[in-house]
Amino acid sequence: SAVISQKPSRDICQRGTSLTIQCQVDSQVTMMFWYRQQPGQSLTLIATANQGSEATYESGFVIDKFPISRPNLTFSTLTVSNMSPEDSSIYLCSVDLETDTQYFGPGTRLTVL
Amino acid sequence: GESVGLHLPTLSVQEGDNSIINCAYSNSASDYFIWYKQESGKGPQFIIDIRSNMDKRQGQRVTVLLNKTVKHLSLQIAATQPGDSAVYFCAEKTEYGNKLVFGAGTILRVKS
């Protein structure tokens, strides 16, 4: 498995602002993923982030709203831009250890007022 | 498209009883399945996985059953404990990609 940390663990933000979420892994991984979990719902994949290439976004998610960085094999950031209350969710990063299994970070709980 | 769904959104069991959480999937190309447990305020935690060339896999107090004929997956928890109270998600992956598709989730409540 892998030890994954996220910062911040939670935040309350004003609409129209942006928040950058960090994800740190204790080992080098090729593939990292960002998910959104809206209140009381399941996980939805936002994008796949591979080091050295642009992130691949899922249908319904765009780079302008959710820019992602992947500067090295242990770190990634997700920015939630121009936030609205509908962006209030848990944002989770995960890693694929090339065993097919994905391991998740603790999540960032975002509330937008 | 691919989708994964669950039959029971909430399951209440008595402490000590066995729990069975079900999941249906629609993508016959899926070849890898995972069960996750998510406790309140935490990220999903890996419980057990199974590949499509198997129909049963056992872990500590947990068993996953896969029926490819009817595209059904189940998680059995033996001697359910209060600490098992959580939301359980099944997820599937196809051999053609690295994406996981998650089911809707089942809330497991353990009554003492």
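What you see is a predicted model; the values in this text were computed from it and never measured. Side chains included, hydrogens not; waters and symmetry mates left out as well; all remaining heavy atoms used. A, B, ... follow the sequence lines: proteins, then strands. Residue 1 opens every chain.
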- Tyr88(B) reachable from Ile50(B) in the ILVMFWY side-chain graph, under 4.5 Å edges: yes
Rounding to 0.5 Å, atoms CD (Gln37(A)) and CD (Gln38(B)) come to a distance of 4.0 Å
I'd like to know if Leu43(A) and Met31(A) are part of one continuous hydrophobic network [Ile/Leu/Val/Met/Phe/Trp/Tyr, side-chain heavy atoms within less than 4.5 Å].
yes
Salt-bridge criterion met for Asp96(A) and Lys99(B) (N-O under 4.0 Å): no
>> Using only atom types and a distance under 3.5 Å, with no angle test, would you say the side chain of Ser42(A) pairs donor to acceptor with the backbone of Gly105(B)?
In response: no
Counting neighbours of CD on Gln60(B) that are heavy atoms of other residues, nucleotides or ligands and sit closer than 6.0 Å, is the number greater than 12? no
Should the heavy atoms of other residues, nucleotides or ligands under 6.0 Å from CZ of Arg109(B) be counted, would the total exceed 12? no
Under 4.5 Å to a heavy atom of chain A? For Gln45(B) that would be neither
- Query: Just wondering, are more than 12 heavy atoms of other shown residues or ligands nearer than 6.0 Å to CD in Glu15(B)?
  - Reply: yes
OG1 of Thr101(A) to OH of Tyr32(B), rounded to nearest 0.5 Å, is 2.5 Å
To the nearest 0.5 Å, atom CZ of Phe33(A) lies from atom CG of Leu100(B) at 7.0 Å
Is the centre of the Phe104(A) ring less than 6.0 Å from the centre of the Phe46(B) ring?
no
